[in-house]
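Structure, as structure tokens:
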Amino acid sequence: QRVDVVDERIAPISSRPSVFYELDSTDPSKPFTAGKDTFITLLINRAGGVNIAADLDSYPQMSLEQIVAADPEFIILGDATWGGVTPKAVASRPGWENLSAVKSGQVVPFDDNLVSRPGPRLVDGLEQLAKLLHPELFQ
């Protein structure tokens, strides 16, 4: 029922923001992300976004050049909880300051536990992603 509510609210949208989901920035010049056929990409799509790494296999690293070329509207920090990564830290990375998400303040911490393993909490993750990407639909 909760998934149906998200689906109904997202259905009429005409614009889907681009998203970079950061899994691990141990190497901040080439952070890991979620690619095609992952729960995270499925949830981003269902929440009304477009994963910039959706064409890449599995859990790839993306170079700064790839991220700059895609210029995501949102950067979701799945490594915020366990890695302590903050929006301020992302903004201070060389080359990241000109990304749309950084300029507009759309670099956001996210609880990776909600989307990293299959199970009932994936619904919680879907709801949180949808509210993050389309807050106007969930007021």
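For clarity, every value in this text was computed on a predicted model and none was experimentally measured. We number each residue from 1, following the sequence as shown.
Judged purely by atom type and a 3.5 angstrom limit, Ser63 has no side-chain atom pairing as donor or acceptor with the backbone of Lys30. Asp112 contributes no side-chain N or O that, together with a main-chain N or O of Asp79, makes up a donor-acceptor pair within less than 3.5 Å. For Arg93 (side chain) and Ser29 (main-chain N/O), no donor-acceptor pair under 3.5 Å exists by modelled atom type. Put simply, the side chain of Thr38 never gets that close to the backbone of Ser58: no donor and acceptor are under 3.5 Å apart.
Looking at Val115 and Phe110, their side chains come closer than 4.5 Å, going by heavy atoms from C-beta outward. Counting only heavy atoms from C-beta outward, the side chains of Ile10 and Leu137 approach each other to under 4.5 Å. Looking at heavy atoms from C-beta onward, Pro17 lies in side-chain contact with His134 at the 4.5 angstrom threshold. Contact annotation: the side chain of Leu77 approaches that of Pro87 to within less than 4.5 Å [non-hydrogen atoms, C-beta and beyond]. Side-chain contact between Pro72 and Ile67 is present, with heavy atoms from C-beta onward closer than 4.5 Å. Counting heavy atoms from C-beta on, the side chains of Leu114 and Gln128 come closer than 4.5 Å. Annotation: side chain of Asn98 is not in contact with side chain of Val68 (no heavy-atom distance under 4.5 Å). Looking at heavy atoms from C-beta onward, Asp55 lies out of side-chain contact with Lys36 at the 4.5 angstrom threshold.
Hydrophobic clustering, with ILVMFWY side chains joined whenever heavy atoms are under 4.5 angstrom apart, groups Val6 together with Val123. Hydrophobic clustering (ILVMFWY, side-chain heavy atoms < 4.5 Å, transitive): Val3 and Leu122 are in one cluster. Linking Ile, Leu, Val, Met, Phe, Trp and Tyr whenever their side-chain heavy atoms come within less than 4.5 Å puts Ile44 and Val108 in one cluster. Cluster annotation: Trp96 and Leu23 are assigned to distinct hydrophobic clusters (Ile/Leu/Val/Met/Phe/Trp/Tyr, side-chain heavy-atom contacts under 4.5 Å, transitive). Residues Leu126 and Phe39 fall within the same hydrophobic cluster, defined by Ile, Leu, Val, Met, Phe, Trp and Tyr side chains chained together at heavy-atom separations under 4.5 Å.
For Gly95 against Glu97, the heavy-atom pair with the smallest separation is N-OE1, 3.1 Å. Annotation for Pro31 and Phe20: closest pair CG-CZ, 3.7 Å, computed over non-hydrogen atoms. When all heavy atoms are compared, the tightest approach of Met62 to Ile52 is CE-CD1, 3.9 Å. Residues Pro28 and Thr26 come closest through the heavy atom pair CD-O, 3.3 Å. When all heavy atoms are compared, the tightest approach of Ala34 to Ala53 is O-CB, 3.5 Å. In terms of heavy atoms, Ala47 sits closest to Ala130 at CB-N, 3.5 Å.
Annotation for Asp4: atom CG counts as buried by contact number, over 12 foreign heavy atoms lying within 6.0 Å.
Here the CG-CZ distance, from Leu43 to Arg46, works out to 8.5 Å after rounding to the nearest 0.5 Å. Rounded to the nearest 0.5 Å, atoms CD (Gln61) and CD (Gln66) are 10.0 Å apart.
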When you look at Asp24 and Trp82, which way does the side-chain contact (heavy atoms from CB on, under 4.5 Å) test go after all the steps?
CA-CA 9 Å; Asp24 181 349; Trp82 64 268; 3.8 Å; yes
* Asked: Run the side-chain contact (heavy atoms from CB on, under 4.5 Å) check on Leu129 and Val19 step by step: do they pass?
  -> CA-CA 11 Å; Leu129 285 169; Val19 176; over 6 Å; no
- Val107 and Leu99: side-chain contact (heavy atoms from CB on, under 4.5 Å), yes or no, with the steps? CA-CA 10 Å; Val107 179; Leu99 292 173; over 6 Å; no
If you apply the rule side-chain contact (heavy atoms from CB on, under 4.5 Å), what do you find for Leu132 with Gln106, and how did you get there?
CA-CA 9 Å; Leu132 181 75; Gln106 297 296 343; 5.7 Å; no
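In summary, the side chains of Asn51 and Thr41 do present a donor paired with an acceptor at a separation below 3.5 Å, with no hydrogens or angles considered.
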